[in-house]
Amino acid sequence: MPELPEVETVRAGLAPSLTGAKVTDVRVLDERSLKRHQGGTADFMNSLQGCRIEAVVRRGKFLWLPLTAHDDRFKSPVALVGHLGMSGQMLLRDVGAEPDKLTRVVISAIESSGQPVEFRFVDQRIFGSLAIDDLVTTSDSKPGGFSAGALANSPLLGLIPRSAAHIARDPLDEDFDVAAVTAKFAKKNSGIKRVLLDQNLLSGIGNIYADEALWRARLHYDQPAASLSKAKSRELLEHVRVILSDAVAEGGTSFDEQYKNVNGESGYFAVSLNAYGMTGRPCNRCGNPIKRDSWMNRGSHYCPRCQRLKIG
DNA sequence: ATGGACACCTGTGGGC
DNA sequence: TGCCCACAGGTGTCCA
């Protein structure tokens with residue numbers, strides 16, 4: 001469930017159950033899902049066993065669970081870091097529930113209420129991963145997207161995983177800086193879609209929401225970012241913010257059996273799509289057929305009439 | 001700085 | 001029925 005709204009839907013689903021929960025057992029069914037963990041499978045399991053989960057935090061498409069241990073196994077703060085890649089799911093199941101296909105890792109835990117629960121990491125393509133990683137301070141380390149209620153005073157919430165330290169704030173972060181991002185746009189000669197997808201400049205946007213935001217802003221994907229006026233850049237970022245928050249409200253976008261929330265249910269934003277996956281269908285604005293171009297080893301969907309490349 | 005290719009993977013659907 | 005190809009929401013790295 002790869003883009004920000006899908007990851008946020010997962011985060012919000014995990015938080016009530018896992019905040020304050022204690023890990024009782026770890027099963028690794030496919031070691032390839034730990035490829036980003038430094039130290040091997042046994043180290044992963046031993047690190048997690050008995051830990052307490054302090055929160056469920058997100059920035060962009062990265063999720064992490066700050067951990068504490070009753071002993072001194074951690075010399076410095078750590079978190080369980082998860083990324084869904086192209087096809088990852090994080091499911092919460094009752095103990096003994098039917099197995100889920102393509103389950104790669106299972107973490108058993110006891111919720112703070114005393115209720116046992118199974119966290120299942122399911123991933124068809126194994127582009128996603130789980131890893132224990134150090135939490136570090138950066139010049140921009142305050143994460144966004146977490147519920148302020150849960151352990152909001154923990155100093156761990158001011159830290160960010162080393163593996164996500166390069167990820168910029170996302171448009172739903174209360175500290176997202178529109179002026180700073182538009183200033184960066186003005187210095188980029190790359191096409192605007194490539195810039196929207198650059199997680200170092202702003203995070204959380206993927207192929208669906210990039211195509212949707214560009215359709216709303218009537219921008220061609222190859223329009224150089226630097227050619228946009230300040231006002232047009234601000235307008236585009238406002239479309240992005242609205243689309244992302246609307247999709248969060250709908251529980252994310254889902255087309256098929258992949259992309260599910262923590263209960264295995266699909267989101268409803270797919271009914272709101274205007275460009276992505278609409279190849280050949282009439283544009284909802286002008287009626288011209290939506291076109292799909294091969295672009296960066298994937299697809300770009302746009303209206304050739306509404307979204308013209310402006311050579312300047 | 002920039003753009004492109006490709007690597008990491010499995011599964012599904014269309015055409016023949 | 002089977003086979004081959006295109007395609008799928010991400011990220012990181014290497015090369016020109």
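These numbers come from the heavy atoms of this one structure, side chains and all, not from hydrogens, waters or symmetry mates. First the proteins, then the strands, lettered A, B, ... as listed; each starts at 1. None of the values given here were measured: they were computed from a predicted structure.
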Can you tell me how far [atom2] of [N] sits from [atom1] of [X], to the nearest Å?
{"X": "A:Asn189", "N": "B:dG3", "atom1": "CG", "atom2": "P", "answer": "8 Å"}
{"X": "A:Asp293", "N": "B:dG4", "atom1": "CG", "atom2": "P", "answer": "13 Å"}
{"X": "A:Ile208", "N": "C:dG10", "atom1": "CD1", "atom2": "P", "answer": "7 Å"}
{"X": "A:Ile192", "N": "B:dG3", "atom1": "CD1", "atom2": "P", "answer": "12 Å"}
{"X": "A:His83", "N": "C:dT11", "atom1": "NE2", "atom2": "C1'", "answer": "7 Å"}
{"X": "A:Trp295", "N": "B:dG4", "atom1": "CH2", "atom2": "P", "answer": "9 Å"}
{"X": "A:Asn200", "N": "C:dG10", "atom1": "CG", "atom2": "P", "answer": "15 Å"}
{"X": "A:Asp222", "N": "B:dG3", "atom1": "CG", "atom2": "P", "answer": "8 Å"}

Can you see which heavy atom on A:His37 is nearest to which on A:Ile132, and at what distance?
->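 Scanning both residues completely, I find the closest heavy atoms to be ND1-N, 3.1 Å.
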Between A:Val56 and A:Ala15, what is the shortest heavy-atom contact and its length?
->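 Taking A:Val56 first and A:Ala15 second, the nearest heavy atoms are CG2-CA, 3.7 Å.
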Is the NZ atom of A:Lys22 crowded by more than 12 outside heavy atoms at less than 6.0 Å?
->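 No, not enclosed.
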For atom [atom1], what is the distance between [N] and [M], given to the nearest Å?
{"N": "B:dA1", "M": "C:dG10", "atom1": "P", "answer": "24 Å"}
{"N": "C:dA8", "M": "B:dG3", "atom1": "C1'", "answer": "23 Å"}
{"N": "C:dC7", "M": "B:dA5", "atom1": "P", "answer": "14 Å"}
{"N": "B:dC6", "M": "C:dC5", "atom1": "P", "answer": "16 Å"}
{"N": "B:dA7", "M": "C:dA6", "atom1": "P", "answer": "15 Å"}

Is [X] close enough to [N] that one of its side-chain N or O atoms is under 4.0 Å from OP1 or OP2 there?
{"X": "A:His166", "N": "C:dG12", "answer": "yes"}
{"X": "A:Lys188", "N": "B:dA1", "answer": "no"}
{"X": "A:Arg292", "N": "C:dA8", "answer": "yes"}
{"X": "A:Tyr209", "N": "C:dG9", "answer": "no"}
{"X": "A:Ser190", "N": "B:dG3", "answer": "yes"}

Given Watson-Crick or G-U pairs with both distances under 3.5 Å, what dot-bracket string fits DNA chain C, with | for other-strand pairs and [ ] for crossing?
-> .|||||||.|||||||
Do we see a donor-acceptor contact under 3.5 Å between the side chains of A:Lys310 and A:Ser227?
->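 No pair is found: no donor N or O on one side chain lies under 3.5 Å from an acceptor on the other.
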Reading 5' to 3' through nucleotides 7-14 of chain B, protein heavy-atom contacts under 4.0 Å coded B for base, S for sugar-phosphate only, - for none | -BBBS---
Could you check whether the rings of A:Phe269 and A:Tyr209 sit parallel, tilted or perpendicular, using 30° and 60° as the cut-offs?
->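 The arrangement is tilted - the two ring planes meet at 30° to 60°.
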To the nearest 0.5 Å, how far apart are [atom1] in [X] and [atom2] in [Y]?
{"X": "A:Trp64", "Y": "A:Arg59", "atom1": "CH2", "atom2": "CZ", "result": "6.0 Å"}
{"X": "A:Arg241", "Y": "A:Leu172", "atom1": "CZ", "atom2": "CG", "result": "8.0 Å"}
{"X": "A:Gln223", "Y": "A:Leu236", "atom1": "CD", "atom2": "CG", "result": "11.5 Å"}

Is there a side-chain contact between A:Lys193 and A:Met296 (heavy atoms, below 4.5 Å)?
->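 Side chain of A:Lys193 against side chain of A:Met296, heavy atoms only: no contact under 4.5 Å found.
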pair A:Leu102-A:Ile126: side-chain heavy atoms closer than 4.5 Å =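 SC-SC contact between A:Leu102 and A:Ile126 ruled out.
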